[in-house]
Q: 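Before anything else, here's the structure in question.
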Amino acid sequence: LICGEGGKGKSAIAYHFASEVARRSSTEMAGVFWMSAKRRRFAEGTEVAVGHPDFWDLESALDRLLVDFGWSEHRSKPIEAKAALVAELAREFPTLVVVDDVDSLDAESEDAIEYLTHDLTAAGAKVLLTSRRAILGMGKATLTVAGLDEVEAQEFLQTRLRLFSIEPGRISRKQAQRIIDICEGSPLYMEDLIRLCTFLSPSEAIKAWLEHSGDGVRRYALQREIEMLSPRARDVLRACALSEVALTADELRRVLGVAADKVIEALDELRRTYLVPTPTPSSDGAP
């Protein structure tokens, strides 16, 4: 599982890895499949709805895998028969399945995650998932992404300059570093800022992005996380956002008028979606 907040490069890392496996001549994989539950994406500075995700529940995931394996004519079979057939195909043909944005699935579609992470891997497939939130039981198999490191960010910046046909010399080394710093190593943020450089000078683009032009991409990166929160977690997040100073769990309890254990549960939910940092004990032992 590749996990982390929106815009930090989870999908980019997964795609790069899948591409490397597909190109490797020595691989024992018979196929590398990509399937995404993503319902929105950020393209050319605008949020775009994905009208038809690759899958949205267990049956649509099985149908997608049957198509990828080349057995699409079996999609009309009952779901139990399709699940058994996909597992048999995974045993026969070693496969890497990359499941992008799995957290976009609704709560009632958890059986799809269970099948992909348990039944499919038990059959021999290798499965790589990306998600904005941690998945229970996958702690030891989770890589948390906090943004590209310095070297990766510089390399990514050069690819975006080529993509937008911007001469590398147009952006100074100092400006490139400034872009990486203010974008916190986020590929999504950096691409959005570099796009502005096609219309403005680098210094003007940086200034505009800081003032308001980065609002759209920031909103896109956070929107899904907010939608997934429980009402209690949203209340805690609002209270923290409106306060001019940091709040303790006890202060949040008194502000919201709820029991301490409910505040702790909400904070833990926010921590698992990377919207608040892991709590640290205060001098009196309270979080």
Q: Side chains of Arg160 and Leu157: closer than 4.5 Å at any heavy-atom pair?
A: no
Q: Return the minimal non-hydrogen interatomic distance between Val67 and Ser72, and the atom names on each side.
A: CG2-CB, 3.8 Å
Q: Measure across Ala87 and Ala123 and return the closest heavy-atom pair with its distance rounded to 0.1 Å.
A: O-CB, 3.3 Å
Q: Keeping the roles fixed (side chain from Lys10, backbone from Gly4), state whether a donor-acceptor pair exists under 3.5 Å.
A: yes
Q: Taking Tyr115 for its side chain and Leu58 for its backbone only, find out whether a donor-acceptor pair lies under 3.5 Å.
A: no
Q: Hydrophobic clustering (ILVMFWY, side-chain heavy atoms < 4.5 Å, transitive) - are Met29 and Phe33 grouped together?
A: no
Q: Is Met190 close to Leu148 at the side-chain level, that is, under 4.5 Å between some pair of heavy atoms?
A: yes
Q: Hey, are the side chains of Lys262 and Arg253 touching, using non-hydrogen atoms and a 4.5 Å cut-off?
A: no
Q: Look at the side chain of Arg170 and the backbone N and O of Cys197, then say whether any donor-acceptor pair between them is shorter than 3.5 Å.
A: yes
Q: Short question: side chain of Ser131, backbone of Val102 - any donor-acceptor pair under 3.5 Å?
A: no
Q: Output yes when Asp235 and Arg232 qualify as a salt bridge under the 4.0 Å nitrogen-oxygen rule, no when they do not.
A: no
Q: Under 3.5 Å, is there a donor-acceptor pair between the side chain of Asp149 and the main chain of Glu152?
A: yes
Q: Would you say Phe156 and Ile180 make side-chain contact, with heavy atoms under 4.5 Å?
A: no
Q: So which heavy atom on Arg64 is nearest to which on Asp54, and how close?
A: NH1-OD1, 3.3 Å
Q: How about Asp57 and Leu105: do any of their side-chain heavy atoms sit closer than 4.5 Å?
A: no
Q: Can you name the nearest heavy-atom pair linking Pro202 to Ile171, along with the distance?
A: CG-CG1, 3.7 Å
Q: If you measure only the distance, is there a donor-acceptor pair under 3.5 Å linking the side chains of Asp63 and Ser60?
A: no
Q: Got a second to check how far Lys174's NZ is from Asp181's CG, nearest 0.5 Å?
A: 11.5 Å
Q: Which value, rounded to the nearest 0.5 Å, describes the distance between His74 atom NE2 and Phe69 atom CZ?
A: 12.5 Å
Q: Can you tell me if Ser109 uses its side chain to pair, donor with acceptor, with the backbone of Ala112 under 3.5 Å?
A: no
Q: Verify the cluster assignment for Leu129 and Ile13: are they in a single hydrophobic cluster under the rule of side-chain heavy atoms below 4.5 Å apart?
A: no
Q: In Å and rounded to the nearest 0.5 Å, what is the NE2 to CD1 distance from His118 to Ile113?
A: 14.5 Å
Q: Would you find a donor on one side and an acceptor on the other, under 3.5 Å apart, between the side chain of Glu28 and the backbone of Pro94?
A: no
Q: Would Met35 end up clustered with Trp71 when hydrophobic side chains under 4.5 Å apart are linked, directly or stepwise?
A: yes
Q: If every non-hydrogen atom of Leu193 is compared with every non-hydrogen atom of Cys183, which pair is closest and at what distance?
A: CD1-SG, 3.9 Å
Q: Quick one: CD on Gln154 to CD1 on Ile179, what's the gap to the nearest 0.5 Å?
A: 9.5 Å
Q: Same cluster or not: Leu85 versus Leu116, using hydrophobic residues (I, L, V, M, F, W, Y) connected whenever any side-chain heavy atoms lie under 4.5 Å apart?
A: yes
Q: Would you please test Phe17 and Ile2 for side-chain contact (heavy atoms from CB on, under 4.5 Å) and show each step?
A: CA-CA 11 Å; Phe17 175 72; Ile2 300 178; over 6 Å; no
Q: Give a yes or no on whether Tyr189 and Leu161 share a hydrophobic cluster (residues Ile, Leu, Val, Met, Phe, Trp, Tyr; joining criterion: side-chain heavy atoms under 4.5 Å apart).
A: yes
Q: Are any side-chain N or O atoms of Thr95 and backbone N or O atoms of Phe93, one a donor and one an acceptor, separated by less than 3.5 Å?
A: yes
Q: In Å and rounded to the nearest 0.5 Å, what is the CD1 to CD distance from Ile166 to Gln158?
A: 10.5 Å
Q: Is there a donor-acceptor pair closer than 3.5 Å between any side-chain N or O of Ser243 and the backbone N or O of Cys240?
A: no
Q: For the atom pair CZ (Arg75) and NZ (Lys82), what is the distance rounded to the nearest 0.5 Å?
A: 8.5 Å
Q: Can Asp103 and Arg133 be counted as an ion pair, charged N to O under 4.0 angstrom?
A: no
Q: Which is it for Asp100 and Thr130 under the side-chain hydrogen bond (donor to acceptor under 3.5 Å, both in side chains) test, yes or no, and what are the steps along the way?
A: CA-CA 5 Å; Asp100 187 38; Thr130 74; 2.5 Å; yes
Q: Arg91 side chain to Ala122 main-chain N or O, any donor-acceptor pair under 3.5 Å?
A: no
Q: Heavy atoms, side chains only, cut-off 4.5 Å: are Leu210 and Arg178 in contact?
A: yes
Q: Taking Glu20 first and then Arg24, would you say they form a salt bridge - that is, a charged N and a carboxylate O separated by under 4.0 Å?
A: no
Q: Would one find more than 12 heavy atoms of other residues, nucleotides or ligands at under 6.0 Å from atom CD of Glu73?
A: yes
Q: If I compare all heavy atoms of Leu247 with all of Ala239, which pair ends up nearest, and what's the gap?
A: CD1-O, 3.8 Å
Q: Side-chain contact, heavy-atom cut-off 4.5 Å: Leu120 with Leu65?
A: yes
Q: Taking the side chain as C-beta and beyond, is there a heavy-atom pair between Asp68 and Val97 under 4.5 Å?
A: no
